[in-house]
Each structure stands twice: as C-alpha cells, then as structure tokens.
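Accompanying notes for the structure given below.
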Amino acid sequence: MEAEHIEILEFIKRFPPFNELPAEELERLAQAAEVGYFKAGSDILEYNQTITDLHVIRSGVVEVFRHTGDLHNRLSDGGFFGEAGLLRTGKVRFPVTAIEDTLIYFIPGAQFNRLYDEYEAFADAVEIEDRERLNRAVASREGANDLMTVPISNLLTRVPICISEQATIREAAEKMTSEEVSSLLIVPHVKVPHENANEEPATDNFEVDAPIGIITDKDLRKRVLAVGLSDQTPVREVMSTELVFVQHNQHVFEAMLIMLRRNLHHLPVLKKNQTVGILSLSDVVRHESKSSLFVVSSIFRQNSIEELATLVEDVQASFVRMVAEDANSRMIGSSMAVIGRSFKQRLLELGEEKFGPPPVPYCFLALGSMARDEQSIVTDQDNAMVLDDSFDPELHDEYFRQLAQFVSDGLDACGYTYCTGYIMATNPMWRQPLKVWQKYFSDWIDEPTPESLLHASIFFDLDGVWGKTEYANILNKLIQRRAQRSNRFLACMARNALNRTPPLGFFKDFVMEKDGKHNNSINTKRRGTAPVADLIRVHALAIGSLQRNSFARLEDITEAGILPPGRGPDLRDALELISMVRIRHQALALQQGEKPDNNVAPSDLSDFERKNLKDAFQILSSAQRFMRFRYPNG
C-alpha cells in the first residue's frame, strides 16, 4: 500500500462510521479514496447537485446549511457529510461551504452504500449522526419557535405508500425505490372488485385506514440482508407490527419527543382514524425549526435516583424557556407531562434492575394532569399499579411494594412531591389486579358516593406509562362504555364538578384567598384550571370521548354539538388564558429564585390581564350554569 493510502487508512479508522469496519474494508476504502482541497469561503456542495461521494473532512472546518440558507451544522476533522443524498435521491440536500482551508477525502458512493447495507455497525453510526442532528434541533434555542407551533400535517407532502401483506420483500424494495420513500405501510390483503376478474388488484387500491404493520429500509437491511433471507419472503414476516401513531394536529415537537423516547424513525399520522401520511426522522431534521426539551433524552442516560435528581434544574430551565418562547399552555403541559413520564419510566427501569424482573406482568399508571398532558412545574405525584390477574399477594406483593416505594421516593427526589391524599402505588388500595380495578370503576359508576366521585375525578384521567399498557386501554374503554350510559353517574359527576367555582363575586370582582400565607391572591389551579378540566371531563364522558387532554376533549365535545353555539371556542380560550396566567406566574417565580406556586395576586397583573382573567372566569361560570342545566338529576 502506498504511503498516501496508509495515511488515509490511519486517519479514517479513528472516526465513526469507519472505526467499526474490518481491516480489509478499511484498506479497500483507503485505496479507493481521492483527495480534494477547498479554500476558505468556497462552496463544496450546492443544493440539489448530483452527489457521488461521501465527504470526510481530513482537516479544516465546514458549515452545512439547509436549502433555505439557515445554518444546520458545523463540522471539523473526522466529520462527514453527503450521506443523506447518497442514501436517498442522489442529490445534495444540505449545501456545504468551507469556512477554513479544508482537505476532503472522497469515499466513492458505491462503496459507502455497500458498507451501509452489509455492516450494521456502520449503518447505525450513520443513523446516530442523523439522530444527533435531531437532538441538536430539539436542544437549539436560536430563531423562531417553529416546532412548538407547527402541526405535523404541515410536514406531510404525500399520501402514505402501501403494499399488501402478501407482497414479497423484493416487491416492497422495488416499490420503495420507485416511490423514493424509506418506508411502506403494510395493509391486509383484501380483494378489490376489478373490471378483469382474473386480474389482481393493485396495492394502491387497498384501504390505508387500518395498516397492520410497517417496513422500512432499516428493516430490509437488518431483517433481510443481514440474515440472508430470501427476497421472495412475504413482507408480513419481517414487518414491524407495533405501530406508534401520531395525530395530524399534534405538534412537530411532540413527534420529536416520541422519536427520541421510542428510538423510532417513522410515525404513521392519523386524521379521523384514517392514515394520511408517514412522518419520518428525515422530515423532522429537514424542517426549519428550533425547540427545547432535550432534557427528555438526558433522563434515560442517568443511572441512579441521585443522578436523576440533578436534572431538576434542567427541567425548570426548560419550563422557563418554553414560556419565554411564547409556547402555549397545551404545548407546555404536554412537554412537562412527557418529562414526568420519562422520569417514571427511567425509575421503573432502574427499579427492575434493582429488584429483578417482575413476578407477574403489570402496568404503571400516570393519573391526573400528567395523564391529561396538562402538567405544570408545580405538581405532586398521582400514580397507581394495575397487576396481572394472576397476582398472588403472598407471593408477589412484596416485590411490587418495594418497586412502588422506589419509584415514589425517586419521583419525590426529582421534584414530584408525595401526594398528600396518598394517591400513589405505595398505597395497597391502588396496587391491585386488573379485575379489582374493573370492579372499582364499575362500582364507582353504578353506585356513586361522594368518595367514589372524588376518586373518579382523579382515576378517570389515566395513562399507561410502563409495562402492559393494554391494561390502561382496557380500563379507559370500560370508563367510556359504562359512564356514557349512566345518567345518574353523569349527573353526580356534574354536581361534584360544581363544588369548585371561579373566584368572582356578585359584582364580578375577584374573590381572594384569605388564608394568611396566600392572602389577597387567587389559586389559579383550584379556582381556575381544575374546575374547567372537571366540567370538560363530564361532557367528554357523556359523549364517549376517549381523549384525555382537555383541549382534545373539548374538540370532541364541540364536534358532538352538545354545547350552545360558540361556547366550545370560548371555553378553550378561557382555559388557555387561565393556564397561561398560572404558568407565567410560576416561570417568573423560578426566574426570581423563588418557589413557584399556583397563587396569583391580581395586583401583580396589568389592567389588561385582570380584565381578560375576569372574562375567562365569567366564561367558566356560564359553562358551569349550563352543565347544571344539562345534567339535572344528580
């Protein structure tokens, strides 16, 4: 091997994605590589030009841009670029400019694509670089707050491409190539009437509202090429069946959080239960956006309660930044709920490492505001455990008692204080088999009492965050089915929801707290967001909505037509305004080094804010009067 090739070999073997390759492959690359030199300020790649080589930086610094001209990345020695174009269209997607005199090694595209297909570690390293770009987008604070406001539907550029479960792997690969997509939805093989009875229907004629799986280019590499599977194998044998869907009206940042948590690159998108597209990692990376909440991925890198507790300040900082970026309450509530779930999930992972695998399956539940995606920075912990019906207290309860205590203590250390009402899985009453939970819920609905109505207002907002989450789905469907047909229960829930009224007096003046510590203030949770969530929950139960978030429930309620005209949007705006007054108050306290709370002094608000807050409380008061009229037989 010539001296020049030896120098190239010694250099590239130090850096990913080449550092995991066998020696013979490295030698082959070194011999095939060519060298190029670019002066500072010169263009290395221009948008949409044909690209034939992977570019590896030997020395110098380059800047990678989006086609809009916004800075995407800055790379130096050992960095590489051009992989996106090589793997997809053969066209440059991210223009590159040298900002210092730069020496480049050119790796032939054919060699790169072969290594990507044949070596999993090589391909993973390339994909990790893509994920790092996603992480940087999540963590970035510069520019406008696009991710917090742009719905997923804005990123969809085409309908989903589908193929029958009976299609072969080769047919799937050919279709992905011809359609220039990195994934296909797999649909059931259903014959469609055709003019020629002897002719098979085209795969594009299949319904796409109920896909049974998905296959991606990564699946083809790992499950087909890597194991030598025949290309005549039906795609149903290699497809991924555990689909994670997002709604078309969710925001881009929510999809990013799901991708980061689940290690997914493709999310089918639903609109009214119809699959309208697929959001891919590359779509998100390509989107001109900046966001926060990188703390979510940090949670899963911590290995003890003590390490997790060090992230409390990061969580608070993330909350303050979102407020400063003018995110709305739905975005902030969802973000804080995702962070809270992530703490629970990581604590449960650590707990199972500490105590061993669970003796029977279980589901850990988030309750209340976390389940509704309406969490703020001031919150306690409401949680429970649903155990498999094979649970034997004498054999199994000590394990789950220890696990529950471990998680509860960990949450408290991370800022989620113990629930004063003992609504936690550490309470044996809330650590029960599925059949017991089903009886709880059925009894609460069929025979409502003041105590059970209080329980229903907490437990009927539930979300499975770990383990057999299908247990949570079973319970949610039981609630939906049973509550909707019980007029007595709905009336009792409505009456219970009227116990918390907005803080307005006879002359529409604010009614202040008079408890000393919070004298002359308004508890914006107890007298504001909580009663709004309560009345929305009643209406949602009445129409059989399966949504948990109050804004999403309100969309279903408005669409069902059970509110007077215009009341749905009014109530939405009232909830948003009250929530943001509460959130901004908490963010200000954090910025001033004070302990945040829910008590807002009207004297601290501007005249404009006080007037709007009174209007919002008046809307809540009117909504409560309507609820008293609609459910009169409590």
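Along the sequence shown, residues are numbered consecutively beginning with 1.
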Heavy-atom side-chain proximity of Val92 to Asn48 below 4.5 angstrom: no

Approximate separation, where rounding is to 0.5 Å, of Ile161 CD1 and Leu185 CG: 9.0 Å

Flag if over 12 foreign heavy atoms under 6.0 Å of CD, Glu100: yes

Donor on one side chain, acceptor on other, Ser182 and His266, under 3.5 Å: yes

Polar side-chain atom of Glu254 near backbone of Gln250 as donor-acceptor pair, under 3.5 Å: no

Where Ile107 and Ala33 come nearest, the two heavy atoms and their spacing: CD1-CB, 3.9 Å

From CG (Leu184) to SG (Cys162), nearest 0.5 Å: 8.0 Å

Heavy-atom side-chain proximity of Ile377 to Met336 below 4.5 angstrom: yes

Lys/Arg-Asp/Glu bridge criterion (N-O < 4.0 Å) met for Glu171, Lys175: no

Side-chain H-bond candidate by donor/acceptor type, Ser369 with Arg372, under 3.5 Å: no

CA sep, side-chain torsions, deciding dist, call: Leu347, Ile305, side chain to side chain contact (heavy atoms under 4.5 Å, CB included): CA-CA 7 Å; Leu347 284 165; Ile305 290 177; 3.8 Å; yes

Please output the side-chain donor-acceptor pairs of residues 13-22 that fall under 3.5 Å, not counting sequence neighbours, one pair per line with the distance.
| residue | atom | partner | partner atom | Å |
| --- | --- | --- | --- | --- |
| Lys13 | NZ | Glu10 | OE1 | 3.2 |
| Lys13 | NZ | Glu10 | OE2 | 3.3 |

Short N-O contact, Lys222 and Asp117, less than 4.0 angstrom: no

CD (Glu34) with more than 12 external heavy atoms under 6.0 Å: no

Side-chain donor or acceptor of Asn328 paired with backbone N/O of Met331 under 3.5 Å: yes

Heavy-atom pair with the smallest gap, counting every atom of Val312 and Gly415: CG2-N, 4.3 Å

Validation row, ring centre Phe106 to ring centre His55 under 6.0 Å: yes

More than 12 heavy atoms from other groups under 6.0 Å of CZ on Arg170: no

Smallest separation among heavy atoms of Val244 and Pro268, with atom names: O-CD, 3.3 Å

Leu243 vs Pro211 side-chain heavy atoms within contact, under 4.5 Å: yes

Considering all heavy atoms, the nearest Phe11-Ile57 contact: CZ-O, 3.4 Å

Side chain to side chain donor-acceptor pair (under 3.5 Å) partner of Asn303, the single match among Glu349, Arg346, Glu353: Arg346

Working for ring-ring contact (aromatic ring centres under 6.0 Å, His included), residues Phe343 and Tyr416: CA-CA 10 Å; Phe343 274 117; Tyr416 302 86; 5.8 Å; yes

Gln591 side-chain N/O to Val320 backbone N/O, donor-acceptor pair under 3.5 Å: no

Side chain to side chain contact (heavy atoms under 4.5 Å, CB included) evaluation trace for Leu590 with Gln586: CA-CA 6 Å; Leu590 289 172; Gln586 294 172 355; 5.7 Å; no

Any Arg114 side-chain heavy atom under 4.5 Å of Glu25 side chain: yes

salt_bridge(Asp77, Arg58) N-O dist < 4.0 Å: no

Exercise: do Tyr116 and Glu83 side chains pair donor with acceptor under 3.5 Å: no

Contact summary for Ile152 and Ala255, nearest pair of heavy atoms: CD1-CB, 3.8 Å

Donor-acceptor contact below 3.5 Å, side chain Thr177 vs main chain Ala173: yes

All N/O donor-acceptor pairs, side-chain side in residues 232-240, below 3.5 Å, sequence neighbours left out:
| residue | atom | partner | partner atom | Å |
| --- | --- | --- | --- | --- |
| Thr233 | OG1 | Ser230 | O | 2.8 |
| Ser240 | OG | Arg223 | NH1 | 3.1 |
| Ser240 | OG | Arg223 | NH2 | 3.2 |

Side chain to side chain, Leu29 and Gln111, heavy atoms closer than 4.5 Å: yes

Salt bridge Glu555-Arg330, side-chain N to carboxylate O under 4.0 Å: yes

Check: Thr310 side chain, Glu307 main-chain N or O, donor-acceptor pair, under 3.5 Å: yes

Distance in Å, Ile163 CD1 paired with Ile169 CD1, rounded so as to fall on 0.5 Å steps: 10.5 Å

Residue pair Thr50 / Lys91, side-chain donor-acceptor N/O under 3.5 Å: yes

Side-chain donor-acceptor pair present, Ser329, Glu576, cut-off under 3.5 Å: yes

Side chain to side chain contact (heavy atoms under 4.5 Å, CB included) between Lys344 and Met370, intermediate numbers included: CA-CA 11 Å; Lys344 287 182 177 178; Met370 184 180 291; 3.5 Å; yes

Distance, nearest 0.5 Å, that separates CG of Leu156 from NZ of Lys271: 10.0 Å

Tyr105/Phe80 aromatic ring centres below 6.0 Å: no

Minimum heavy-atom distance Ile215-Asp219, with the two atoms named: CA-OD2, 3.5 Å

Phe38 and Val62: CA distance, side-chain angles, deciding distance, side chain to side chain contact (heavy atoms under 4.5 Å, CB included) verdict: CA-CA 10 Å; Phe38 297 86; Val62 307; over 6 Å; no

Euclidean distance, Ile339 CD1 relative to Arg341 CZ, rounded to 0.5 Å: 11.5 Å

Heavy-atom side-chain proximity of Gln274 to Leu270 below 4.5 angstrom: no

Trp466 backbone acceptor or donor facing Thr469 side chain under 3.5 Å: no

Gap separating the CG atom of Leu281 from the OG atom of Ser183, nearest 0.5 angstrom: 11.5 Å

